[in-house]
**Student:** 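Pasting in a structure now, in structure tokens, and then I'll have a few things to ask.
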Amino acid sequence: MEALSYSPSPSPCPIPSPRPSRRVVCLPTRCPRSCRVMRAIASSSSAGVDQGTTMKNKGCNGVDFKDPDWKPKFQKDFESRFDLPHIRDVFPNASPIPSTFCLRMRTPTEDFAGGYPSDEKWHGYINNNDRVLLKVIRYSSPTSAGAECIDPDCTWVEQWVHRAGPREEIYFQPEEVKAAIVTCGGLCPGLNDVIRHIVITLEIYGVKKIVGIPFGYRGFSNEGLTEMPLSRKVVQNIHLSGGSLLGVSRGGPPISDIVDNMEKREINMLFVLGGNGTHAGANAIHNECRKRGLKVAVVGVPKTIDNDILLMDKTFGFDTAVEEAQRAINSAYIEAHSAYHGIGVVKLMGRSSGFIAMHASLASGQIDICLIPEVPFDLHGPHGVLRHLKYLIEMKGSAVVCVAEGAGQDFLEKTNAKDASGNIVLSDIGVHVQQETKKYFKEIGIPADIKYIDPTYMIRACRANASDGILCTVLGQNAVHGAFAGYSGITVGICNTHYVYFPIPEVISYPRAVDPNSRMWHRCLTSTGQPDFI
Ligand SMILES: Nc1ncnc2c1ncn2[C@@H]1O[C@H](COP(=O)(O)OP(=O)(O)O)[C@@H](O)[C@H]1O
Ligand SMILES: O=P(O)(O)OC[C@H]1O[C@](O)(COP(=O)(O)O)[C@@H](O)[C@@H]1O
Ligand SMILES: [Mg+2]
């Protein structure tokens with residue numbers, strides 16, 4: 001094959017045409033989407049930032065920046081938002097007992113007779129007042145790359161969240177606990193690892209009654225689905241395979257029915273593994289339990305390979321999914337590279353967030369065009385994707401496109417269909433890109449060999465890799481610690497490499513998305529060499 005000289009982009013500049021820099025100028029949480037993306041349009045040379053009249057004086061959290069005390073007020077508000085709901089809020093007289101969690105276990109037959117591990121002191125407890133910094137960069141200017149500012153001057157405001165871990169005092173007697181685990185939504189690598197570690201940790205606390213709820217929230221309906229007794233023995237090897245031991249589902253009964261069912265089964269600790277929808281459900285269950293005066297701890301573990309949960313470094317399974325996507329991308333690359341004028345198209349998951357596509361493209365280094373829902377593009381026209389594909393075929397003989405499932409939905413006919421959970425059923429952008437590419441090359445009279453690969457379910461049905469396995473372990477353990485500490489309506493996450501608890505509403509107020517002005521997206525663009533497609 002003749003070697004062609006290749007410059008990654010038709011423009012003289014290898015990086016796509018300069019965009020106006022975008023700054024998120026308010027705290028993401030609690031901001032409506034319109035406000036959240038309110039941005040300072042600053043020319044890259046401009047030191048000053050025109051934040052628009054709204055942001056000049058009033059932030060989207062309703063903060064009046066003219067008020068000299070806005071900062072302490074903001075911090076107070078932040079603290080109350082991130083305060084963790086606790087059993088004591090409903091049962092003020094609930095008194096704690098010393099923790100039964102101890103890592104220095106003795107052989108059960110000797111010192112374990114009472115059901116608890118050794119009573120030897122283990123000084124590894126978390127203090128209730130321990131905190132983790134949510135934001136760790138002190139931006140000196142709103143024009144600093146990636147600056148997330150609260151006020152127009154980008155003032156440094158410490159934002160602390162609660163540290164996760166075992167407490168010295170607990171609010172549940174282990175022998176009175178009936179713990180249930182439920183996995184909802186789509187699959188994700190690592191679900192079994194989390195289940196395993198929740199069960200193991202519960203047993204270390206001394207809990208004997210542990211059950212799995214089959215097939216997500218549906219398992220709480222009266223559909224004849226029986227709960228699955230869980231123990232260390234049952235879960236010992238479940239992490240060796242993907243999927244969920246308990247099964248998953250979308251949809252399910254109303255919240256009041258779920259809580260009725262929990263009451264009937266006497267469940268007073270519920271561990272909920274799922275994404276945005278599942279967490280909305282978990283929070284509603286938590287509120288319903290409070291309304292009914294039930295002493296129940298509801299704790300979430302965020303599960304989404306889309307990585308679209310707010311405030312966390314990442315969610316479990318994401319790394320595995322990205323790694324697994326490499327296989328599909330590499331196959332597409334080999335197919336494309338081996339064919340005469342070969343074009344590979346790979347569709348990856350990502351309903352509204354393009355994290356998997358972006359990270360997989362970046363990791364592979366084999367993608368020429370990455371299309372994600374957050375970045376609009378034209379397929380046709382002088383700046384469209386197809387024109388660029390022609391350029392790539394002429395210049396280097398092959399090309400590989402990675403498209404996230406939620407990208408380019410405007411080009412497709414809307415089905416208006418929803419799945420059982422109420423999520424919009426998307427049309428297939430991968431097939432569309434494939435078909436339009438075929439048509440385009442036929443029209444312009446250039447032969448092209450287009451191969452479409454859709455590894456959608458393969459990347460989420462696999463077993464967690466080692467680093468996700470460890471993440472799942474820590475999250476699962478911390479979920480149990482949170483419940484025993486008396487918290488409810490919380491979820492657990494990794495934040496700046498530390499493990500923390502968040503009140504559920506703070507992490508699901510909207511799906512986390514790729515910022516098209518982030519340095520990561522720009523890194524992806526430098527890797528693909530793609531221009532703007534608008
Ligand atoms: N707003 C909501 N309130 C209560 N339950 C919800 C809500 N949205 C979704 N659910 C329930 O959560 C479960 C999982 O939701 P789904 O959107 O399918 O997955 P994910 O949790 O991964 O986002 C389903 O059983 C669904 O019925
Ligand atoms: O075919 P299913 O089960 O609806 O799953 C498809 C969906 O799963 C996801 O990967 C993850 O969705 P959830 O977080 O809601 O499970 C989406 O990107 C995708 O649209
Ligand atoms: Mg979801």
**Student:** Before giving the answer on ring-ring contact (aromatic ring centres under 6.0 Å, His included), spell out for F502 and H162 the whole-Å C-alpha distance, their side-chain angles and the decisive distance to 0.1 Å.
**Tutor:** CA-CA 7 Å; F502 292 111; H162 290 244; 9.8 Å; no

**Student:** Mind checking what makes disulfide bond (SG atoms under 2.5 Å apart) contact with C495, not counting sequence neighbours?
**Tutor:** none

**Student:** Should the pair R512 and F355 be classed as cation-pi, given the thresholds of under 6.0 Å to the six-membered ring centre and 45° from the axis?
**Tutor:** yes

**Student:** What distance do I238 atom CD1 and D193 atom CG have between them, rounded to the nearest 0.5 Å?
**Tutor:** 7.5 Å

**Student:** I need the single residue from V207, L202, V296 that forms a side-chain contact (heavy atoms from CB on, under 4.5 Å) with M269. Which is it?
**Tutor:** L202

**Student:** For T491 and H279, which I'm curious about, is there any donor-acceptor pair between the side chains at under 3.5 Å?
**Tutor:** yes

**Student:** Using side-chain contact (heavy atoms from CB on, under 4.5 Å) as the criterion, list what pairs up with E169, not counting sequence neighbours.
**Tutor:** P96

**Student:** Can you give me the closest heavy-atom contact between Q236 and R196, atom names plus distance?
**Tutor:** O-NE, 2.8 Å

**Student:** For T315 and N307, does a side-chain donor sit closer than 3.5 Å to a side-chain acceptor?
**Tutor:** yes

**Student:** Show the numbers, then the answer: is there a side-chain hydrogen bond (donor to acceptor under 3.5 Å, both in side chains) between H86 and S488?
**Tutor:** CA-CA 6 Å; H86 195 275; S488 180; over 6 Å; no

**Student:** Heavy atoms only: give me the nearest R167-I126 pair and the separation to one decimal.
**Tutor:** NH1-CG2, 3.5 Å

**Student:** Between R265 and E227, does any NZ, NE, NH1 or NH2 come within less than 4.0 Å of an OD or OE carboxylate oxygen?
**Tutor:** yes

**Student:** So that I can tick it off, tell me whether K73 and D77 are bridged by a salt bridge, with the cut-off set at under 4.0 angstrom between side-chain N and carboxylate O.
**Tutor:** no

**Student:** Could you tell me whether E266 atom CD has more than 12 heavy atoms of other residues or ligands within 6.0 Å of it?
**Tutor:** no

**Student:** Go through the side-chain N and O atoms of Y171 and R88 and say whether any donor and acceptor fall under 3.5 Å apart.
**Tutor:** yes

**Student:** What distance separates K303 NZ from L273 CG, expressed to the nearest 0.5 Å?
**Tutor:** 9.0 Å

